[in-house]
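To keep things clear, I will list the structure first and then write my remarks on it.
We use all heavy atoms of the structure for the numbers below, so side chains are in, but hydrogens, waters and symmetry mates are not.
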Amino acid sequence: MCCLTLPIFPLAALMTEKWAQRKLIRDHVSILLHIIITTTVLIYPVVVILKCESAVLSGFVLMFIASITWLKLVSFAHTNYDIRVLSQSIEKGATHGSSIDEENIKGPTINSVVYFMLAPTLCYQPSYPRTAFTRKGWVTRQLIKCVVFTGLMGFIIEQYINPIVQNSKHPLKGNFLDAIERVLKLSVPTLYVWLCMFYSFFHLWLNILAELLRFGDREFYKDWWNAKTVEEYWRMWNMPVHKWIVRHIYFPCIRNGLSKGCAILIAFLVSAVFHELCIAVPCHIFKLWAFSGIMFQIPLLFLTKYLQEKFKNTMVGNMIFWFFFSIVGQPMCVLLYYHDVMNRQAQTNG
């Protein structure tokens, strides 16, 4: 029910923009309304999950959808504010002589908002590049692949990951050597699950969505597996989020006089907060494991960049990225959250 009521927030954002466009409310009032809308779209699912004691998987899906909605609404508000400022400059003649496409400064409509909320992008603009038609046979083949790889993911979890974590101890409370042994045992199946998830979501599902909506921009990822530094990996593995961060965090920070390093720090901080929300809230555990894992990427970012420059070898940074991220990082997170969830359930039942 919470998922079904989330479309209320894009409609509220559209009404706010319509009022601002018609000058029924001032800019600072529209900004305040957008802040209220975007804040509520996150707080509302969090309250529902915590009050209803939802299952972990359904809670994760709800928080994932709510986070995407938040990112889209921030982009919607930010972009429309810039469009209003540009339109006012045109009315005053401040942009005389410059070529501006009228298509890109149109106000939002219900159709443009609905399309944006469904489209596989997080960055709003009045119009997008579109393909000529939808390839129905291609969509069917990709859907079959998506079902197969989702099933494979579930098989690996049930057959290989669950038995290992069920026979393990909390990695921070048990024997250190036992913890290392469990982490190494988990590294291969968790890597396979993560790769299946990446392929199913970024390569199959987002392309299916783009094909159905005839969305033209299909750059959802780059060759992140060849990343020479941690910074390169974060730039290439999730292009919709990367483009959103560059457009709505990085460039605004730079324009306001902040250094490049400070802008990157803020970007990682925002990413860490959302990773923590999407994992901690459904698990009902707030120990900042996900937050710490993302923030730990910052020293790794500088380390891999330093080693690449020192050894003049692209393999060094790539090896460190795979080691810390896939061999150690993901299995450790699985063990930490599994045991914390089990301990919480034991205390609740007790």
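Y221 and W225 have tilted rings, their planes meeting at an angle from 30° to 60° on a 0 to 90° scale. Under the 30°/60° scheme for interplanar angles, the aromatic rings of F201 and F64 are found to stand perpendicular. The aromatic rings of W234 and H275 sit perpendicular, their planes meeting at an angle over 60°, well past the 30° parallel limit.
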Legend entry - Candidate pair I298 and I264, rule side-chain contact (heavy atoms from CB on, under 4.5 Å), full reasoning: CA-CA 9 Å; I298 296 175; I264 292 174; 5.9 Å; no
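Within the 4.5 Å cutoff, no side-chain heavy atoms of V270 are placed close to those of I245. By the 4.5 Å heavy-atom criterion applied to side chains, Q21 and P108 are counted as neighbours. For the pair L195/L191, a side-chain contact is recorded, criterion being any heavy-atom separation below 4.5 Å from C-beta on. With contacts defined as side-chain heavy-atom distances shorter than 4.5 Å, the pair F286/V281 qualifies. Between V61 and P282 the shortest side-chain heavy-atom distance does not fall below 4.5 Å. V188 is not listed as a side-chain neighbour of Y160, based on a closest heavy-atom distance of 4.5 Å or more. Inter-residue side-chain proximity for L6 and L62 is flagged as met; some heavy-atom pair is nearer than 4.5 Å.
The CG atom of L32 sits 9.5 Å away from atom CD1 of I37, with the distance rounded to the nearest 0.5 Å.
Y124 pairs by the ring pair (Phe, Tyr, Trp, His ring centres under 6.0 Å) definition with F76, F116, not counting sequence neighbours. The ring pair (Phe, Tyr, Trp, His ring centres under 6.0 Å) search around W322 returns W224, not counting sequence neighbours. Under the ring pair (Phe, Tyr, Trp, His ring centres under 6.0 Å) criterion, Y199 pairs with F149, H203, sequence neighbours left out. Residues passing the side-chain contact (heavy atoms from CB on, under 4.5 Å) test with L11 are I110, sequence neighbours excluded.
With hydrogens and angles disregarded, no donor-acceptor distance shorter than 3.5 Å links the side chain of T134 to the backbone of K136.
Pairs engaging residues 75-84 under the side-chain hydrogen bond (donor to acceptor under 3.5 Å, both in side chains) rule: E17-R84, D27-R84, S30-R84, S75-H248, H78-H248, T79-R247 [sequence neighbours left out]. The side-chain hydrogen bond (donor to acceptor under 3.5 Å, both in side chains) pairs that include a residue from residues 207-216 are R135-E211, E211-R218, where partners are two or more places apart or lie in different chains.
When ring centroids are compared, F9 and W70 stay outside the 6.0 Å threshold.
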